*Asks:* 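Below: one structure in structure tokens.
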Amino acid sequence: KQVIYAFNQGSAKMRDLLGGKGANLAEMTRLGFPVPKGFTLTTEACLDYLAQEDSEELSDPVIVSIDQALADLESATEKAFNDPENLLLVSVRSGARESMPGMMDTILNVGLNDRNVESLAQITQDERFAYDCYRRLLQMYGNVVYGLDSQLFEEHLAQEKTKAQVRFDHELKVDQLKALVAAYKKVYQDQLGFDFPQEVKTQIYEAVKAVFKSWNNHRARVYREMNHIPHDLGTAVNIQEMVFGNSGQESGTGVLFTRNPATGESKLFGEYLVNAQGEDVVAGIRTPAVIEDLKAEMPEIYQEIHDLAKQLEGYYHDMQDIEFTVEKGKLYFLQTRNGKRTAKAAVKIAVDMVEEGLIDEKEALLRIEPSMIDQLLHPSFDSQALAQAEAFSSLGLAASPGAGSGQIVFSAQKAKEWQAAGKKVILMRNETSPEDIEGMSAAEAIVTAHGGMTSHAAVVARGMGKCCVSGCSDLTIDEAAKVVYYPGGHLQEGDTISVDGSQGKLYLGEIPTALSNTDENYQKMMDWARKYSRLKVRMNAETPEDIQTGFSFGADGIGLVRTEHMFFKTERLREIRRFILSVDEDQRQAALEKIRDYQVEDFTKIFQLSQEAPAVIRLLDPPLHEFMPKSDREVAAVAADQGISEAELRSRMVQLAEVNPMLGHRGCRLAMTYPELYDRQVEAIIYGAIAARAEGLDPQVEIMIPLVSVEPELERLRKRLSQVIDRLLAQENVTIAYTIGTMIEIPRACFIADQLAQEADFFSFGTNDLTQMTYGFSRDDAGKFINQYLEDGTLAQDPFQTIDPEGVGALVEVAVEKARQAKAGLKIGVCGELGGDPASIHFFDQVGLDYVSCSPYRVPLAQLAAAQSAI
Ligand code: PEP
Ligand code: MG
């Protein structure tokens with residue numbers, strides 16, 4: 001088995017084996033780009049290593065392959081390890097199939113030791129440079145290979161800078177760097193009891209092992225879980241000839257995006273540092289210069305970068321994120337990959353690329369993660385409130401858009417704890433590192449004092465869709481003392497601020513948010529989505545605001561009005577309680593008539609807003625005890641209100657109590673026992689429709705009966721309700737088209753779908769109940785064990801969040817097949833939560849449903865997922 005591929009042996013197609021970085025380096029090499037030479041150890045080699053049970057050592061065949069590849073690299077570069085005249089040094093870097101920025105490990109300058117550092121000084125005629133490289137190696141190597149805390153080294157660096165009275169690392173002089181090297185070496189002795197390995201091959205073997213192992217470190221696991229990347233891919237290791245961005249003023253290093261990753265603007269976007277190594281830019285320790293400045297500083301290099309970057313983009317048909325280094329006036333590309341971007345940028349870039357002819361509309365749709373749409377619809381600060389607010393920092397960079405308010409904390413750990421306790425937090429740090437990932441995810445927004453647009457905080461926040469302001473250079477953050485000083489004041493842990501990630505500004509106190517405006521690129525993308533999708537997307541909504549929101553997102557109608565949601569208003573609750581507590585027929589009828597009259601208004605409004613679009617109205621579903629008071633105080637008040645004694649009310653409540661209300665007297669069973677309940681509800685619906693009709697509208701009434709398990713339930717109720725409706729229409733002398741359908745939410749209903757289809761005008765799967773009853777997991781109590789199930793792998797996914805194809809999904813398939821055999825063309829939709837989940841939408845599209853229905857804010861996401869499924 002081949003465990004190593006030289007860059008000139010691979011290609012972009014070999015991502016699985018070579019990882020993203022390795023495959024792209026191979027591809028750039030193939031295309032003749034200026035790429036330093038090197039080779040890749042495969043992901044298979046990593047997996048084999050991690051599977052070894054008895055040994056932490058590299059296997060003999062792997063060692064033989066590495067030795068051979070190193071020898072080849074020596075001849076290809078015409079340099080050699082330990083050669084005092086043509087000294088070869090390498091970087092050792094991880095590179096998994098999916099890019100995991102900053103999550104795994106990188107070591108630069110491997111090959112330096114006490115002797116080679118002198119050779120490097122001789123060769124470059126720059127002793128300062130050589131010792132700078134060596135001290136970087138000692139720190140990175142100690143940290144990555146031996147797990148030494150970076151802080152142990154940083155402390156010495158900070159001391160040395162204070163002693164030398166300089167601000168930046170590169171201002172340190174040779175002697176100071178030599179002192180630093182000595183101090184770093186002592187860290188090894190003190191902490192580990194042995195020295196930094198002087199033997200070059202040992203350095204390389206150990207580094208390879210460390211990168212392999214880093215696949216399983218905590219932060220890499222967390223990152224994979226957050227991004228749904230499988231744990232069994234492994235990482236490749238890239239070993240590449242070093243080029244030096246820190247070899248003087250003609251050198252430098254930078255990160256470059258071919259388009260702006262925050263806004264999508266089609267213009268080179270990036271940052272660089274003169275006389276620096278790659279880690280300096282990404283780590284956010286020095287604040288870099290913007291790439292345009294390079295035009296003045298190194299005009300030829302800028303032009304070359306510009307041309308090569310465009311070429312790469314044309315080649316990959318996507319925005320590229322490139323790392324480059326200039327060594328003494330010669331440009332090298334060290335890496336390229338598809339760049340991470342905000343949702344806004346993703347949409348703009350995709351739309352622009354269609355206009356530029358690089359991709360077509362379908363490809364553009366496939367480029368957008370449905371979950372990104374959520375990000376676009378994130379609220380921004382209410383503009384009036386914002387105008388009144390007091391900004392306390394205005395020098396930050398708009399690293400990742402959005403708006404967030406919360407209490408400030410200075411550690412990722414605190415952010416996690418406070419969030420778990422129900423607080424909204426803003427994570428404030430000098431800079432973030434990969435260990436902070438969970439805290440970043442817990443925060444509403446992230447603020448850093450140092451670092452640029454490509455710092456760790458900025459890159460990771462954009463990936464998470466999280467609001468972030470980086471490089472607030474007017475702040476001084478003392479993480480240990482938990483205070484931040486700003487011009488004119490200071491704030492402590494727990495103080496509330498607001499962060500505007502779109503403008504890069506920070507404000508005191510909390511600012512209310514408003515819905516963000518979506519732009520014309522977004523509109524274009526959503527028009528394409530509707531053009532290419534087969535599945536319709538409706539909304540689950542009952543309030544006028546929600547219905548308007550859903551229609552403004554282009555919903556094809558309403559898929560579920562939960563009528564019980566309309567009962568929680570004082571007067572209505574009183575009547576529904578009167579109905580429940582009634583002792584005779586007259587009382588019951590009187591209460592139901594009042595409820596009907598209240599509901600007419602609601603339905604009129606719903607039909608007015610829906611215009612010609614269909615609206616499914618579900619008749620009452622929950623068990624009646626849900627309308628009863630909970631606390632003692634409420635019981636007393638309700639008894640007084642209903643004119644009965646507390647004792648009597650309590651005794652009625654005991655009668656209503658159910659051991660398992662989810663499986664109890666609810667849904668259509670209520671109407672089987674109290675048929676007048678649904679009679680009056682459908683009358684209210686029809687009166688509402690008549691009112692809309694009077695305004696010249698053509699309401700599309702779809703009445704839905706919940707929780708059917710046997711055919712006679714549907715048959716009897718349907719017959720009775722159509723009689724009620726027809727009588728009413730005749731009496732009012734109008735015609736209104738209406739249909740009566742059923743929810744499918746009980747496994748038994750799936751198996752008798754053919755019988756039910758005979759009695760129904762449409763079906764709608766209630767996947768919430770169907771999942772609950774298929775698994776026997778209570779919707780309300782499953783939280784107690786489901787997280788553990790997900791963590792220990794008992795369940796791969798939460799079946800309430802995404803379709804379980806083997807169980808719930810199989811039932812859906814059975815039902816659809818039986819129903820359509822009995823009644824071809826029966827309209828079938830979904831209105832459970834799964835109707836807003838992209839993977840489930842794909843499934844529902846495949847089995848041929850007509851529509852999905854989800855909460856209004858998820859409508860655009862569902863439209864996109866439906867289009868992607870159809871493409
Ligand atoms: C369902 O069960 O999926 C459904 C939509 O109904 P509810 O959530 O109201 O029970
Ligand atoms: Mg249900």
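Please read all numbers here as calculations on a predicted model, not as lab measurements.
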*Asks:* Tell me, yes or no, whether the heavy-atom count around E806 atom CD, taken from other residues, nucleotides or ligands under 6.0 Å, exceeds 12.
*Replies:* no

*Asks:* Any side-chain donor-acceptor pair under 3.5 Å between Y775 and D804?
*Replies:* yes

*Asks:* Donor-acceptor pair, distance only, cut-off 3.5 Å: does the side chain of T774 make one with the backbone of V808?
*Replies:* no

*Asks:* Using the test side-chain contact (heavy atoms from CB on, under 4.5 Å), find all partners of S853 that sit at least two apart in sequence or belong to another chain.
*Replies:* R538, N540, C831, Y851

*Asks:* Taking the side chain as every heavy atom from C-beta outward, state whether L697 and F607 have any pair of such atoms under 4.5 Å apart.
*Replies:* no

*Asks:* Counting only N and O atoms by type, is there a donor-acceptor contact under 3.5 Å from the side chain of R748 to the main-chain atoms of S709?
*Replies:* yes

*Asks:* Within the 3.5 Å criterion, strictly below it, is a donor on Q801 or E833 matched to an acceptor on the partner's side chain?
*Replies:* no

*Asks:* If you look at every heavy atom in S533 and A870, which pair is closest and at what distance?
*Replies:* CA-CB, 4.1 Å

*Asks:* Please report the interatomic distance CZ(F603) to CD(Q608), rounded to the nearest 0.5 Å.
*Replies:* 13.5 Å

*Asks:* Kindly indicate, with the supporting measurements, whether the criterion salt bridge (charged side-chain N to carboxylate O under 4.0 Å, His left out) is fulfilled by E702 and K827.
*Replies:* CA-CA 11 Å; E702 302 186 345; K827 182 154 69 175; 2.8 Å; yes

*Asks:* Using side-chain hydrogen bond (donor to acceptor under 3.5 Å, both in side chains) as the criterion, list what pairs up with D556, not counting sequence neighbours.
*Replies:* none

*Asks:* Return the set of residues passing side-chain hydrogen bond (donor to acceptor under 3.5 Å, both in side chains) with D726 (not counting sequence neighbours), or none when no residue passes.
*Replies:* Y738

*Asks:* Answer yes or no: is there a donor N or O on one side and an acceptor on the other, between the side chain of K818 and the main chain of F751, under 3.5 Å?
*Replies:* yes

*Asks:* Taking only residues two or more places apart in sequence, or in another chain, which ones meet D527 in a side-chain hydrogen bond (donor to acceptor under 3.5 Å, both in side chains)?
*Replies:* R530

*Asks:* If you look only at distance, which donor and acceptor atoms sit under 3.5 Å apart when one is on a side chain in residues 667-682 and the other is two or more places apart or in another chain?
*Replies:*
residue, atom, partner, partner atom, Å
R669, NH1, G664, O, 2.8
T673, OG1, H665, NE2, 2.8
T673, OG1, R669, O, 3.0
T673, OG1, L670, O, 3.0
Y678, OH, L620, O, 2.6
Y678, OH, G667, O, 3.3
D679, OD1, R720, NE, 3.0
D679, OD2, R720, NE, 3.2
D679, OD2, R720, NH2, 2.6
R680, NE, E683, OE1, 2.9
R680, NH1, Q589, OE1, 3.2
R680, NH2, E683, OE2, 3.1
Q681, OE1, L620, N, 2.8
Q681, NE2, T563, OG1, 3.2
Q681, NE2, Q599, OE1, 3.2

*Asks:* Taking the six-membered ring for Trp, is the centroid-to-centroid distance between F567 and Y598 below 6.0 Å?
*Replies:* no

*Asks:* Heavy atoms only: give me the nearest A822-D754 pair and the separation to one decimal.
*Replies:* CB-O, 3.5 Å

*Asks:* Could you give the distance from CD (E658) to CD (E626), rounded to the nearest 0.5 Å?
*Replies:* 9.5 Å

*Asks:* Less than 4.5 Å apart, any side-chain heavy atom of I558 and any of I617?
*Replies:* no

*Asks:* Can you list the steps and then say if R693 with D698 is a side-chain contact (heavy atoms from CB on, under 4.5 Å)?
*Replies:* CA-CA 6 Å; R693 166 58 66 80; D698 183 18; 3.4 Å; yes

*Asks:* I need the full list of salt bridge (Lys or Arg N to Asp or Glu O under 4.0 Å) pairs touching residues 597-606, with sequence neighbours left out, sorted by first then second residue.
*Replies:* R572-D602

*Asks:* Which is it for F553 and M539 under the side-chain contact (heavy atoms from CB on, under 4.5 Å) test, yes or no, and what are the steps along the way?
*Replies:* CA-CA 10 Å; F553 290 143; M539 67 179 119; over 6 Å; no

*Asks:* Hey, does the side chain of S645 reach the backbone of E648 with a donor-acceptor pair shorter than 3.5 angstrom?
*Replies:* yes

*Asks:* If you round to the nearest 0.5 Å, how far is CG of L864 from OG of S869?
*Replies:* 11.0 Å

*Asks:* Which residues satisfy the side-chain contact (heavy atoms from CB on, under 4.5 Å) test with A839, sequence neighbours excluded?
*Replies:* T802, D837

*Asks:* I'd like to know if the side chain of K823 reaches the main chain of A760, judged simply by a donor and an acceptor atom lying under 3.5 Å from each other, with no hydrogens or angles considered.
*Replies:* yes

*Asks:* In a table with atom names and distances, give each donor-acceptor pair under 3.5 Å that connects a side chain of residues 635-642 to protein atoms at least two apart or in another chain.
*Replies:*
residue, atom, partner, partner atom, Å
D641, OD1, R574, NE, 3.1
D641, OD1, R574, NH2, 3.3
D641, OD2, R574, NE, 2.9
Q642, NE2, R574, O, 3.1

*Asks:* Between A692 and T604, which heavy-atom pair has the shortest distance, and what is it?
*Replies:* N-CG2, 4.5 Å

*Asks:* Does the pair L663 and M773 meet the rule for a side-chain contact (heavy atoms from CB on, under 4.5 Å), with working shown?
*Replies:* CA-CA 9 Å; L663 302 179; M773 295 191 218; 4.1 Å; yes

*Asks:* Applying salt bridge (Lys or Arg N to Asp or Glu O under 4.0 Å) as the test, list every pair that has at least one member in residues 760-770; sequence neighbours left out.
*Replies:* R666-D769, R718-D761, D769-R779

*Asks:* Taking the side chain as everything from C-beta on, heavy atoms only, tell me whether F579 gets closer than 4.5 Å to Q587.
*Replies:* no

*Asks:* May I ask you to test the I744-C750 pair for a side-chain heavy-atom distance under 4.5 Å?
*Replies:* yes

*Asks:* Heavy-atom distance under 4.5 Å between the side chains of S498 and F381, does that happen here?
*Replies:* yes

*Asks:* Write down the atom of Q863, the atom of A529, and the distance for their closest heavy-atom approach.
*Replies:* O-CB, 4.0 Å

*Asks:* For E715, enumerate each residue passing the side-chain contact (heavy atoms from CB on, under 4.5 Å) test, keeping only those at least two apart in sequence or located in another chain.
*Replies:* E711, E759

*Asks:* Are any side-chain N or O atoms of E745 and backbone N or O atoms of L707, one a donor and one an acceptor, separated by less than 3.5 Å?
*Replies:* yes

*Asks:* Quick check on side chain to side chain contact (heavy atoms under 4.5 Å, CB included): which of L560, L619, T742, T739 does M704 satisfy it with?
*Replies:* L560

*Asks:* Kindly determine whether L721 and I705 satisfy side-chain contact (heavy atoms from CB on, under 4.5 Å), including the steps that lead there.
*Replies:* CA-CA 10 Å; L721 296 176; I705 299 175; 4.1 Å; yes

*Asks:* Determine whether a donor-acceptor pair (N or O, by modelled atom type, separation under 3.5 Å) exists between the side chain of T543 and the backbone of D546.
*Replies:* yes

*Asks:* Can you name the residues that form a side-chain contact (heavy atoms from CB on, under 4.5 Å) with T570, not counting sequence neighbours?
*Replies:* none

*Asks:* Which atoms form the tightest heavy-atom contact between A815 and A753, and what is the distance?
*Replies:* O-CB, 3.4 Å

*Asks:* How long is the span from the CG atom in L714 to the CZ atom in R716, to the nearest 0.5 Å?
*Replies:* 11.5 Å

*Asks:* Under the side-chain hydrogen bond (donor to acceptor under 3.5 Å, both in side chains) test, which residues partner E417, sequence neighbours left out?
*Replies:* Q413

*Asks:* What are the two closest non-hydrogen atoms of F800 and A782, and how far apart are they?
*Replies:* CE1-CB, 4.2 Å

*Asks:* To the nearest 0.5 Å, how far apart are CD in E564 and CG in L624?
*Replies:* 11.0 Å

*Asks:* Answer yes or no: is there a donor N or O on one side and an acceptor on the other, between the side chain of R534 and the main chain of L849, under 3.5 Å?
*Replies:* yes

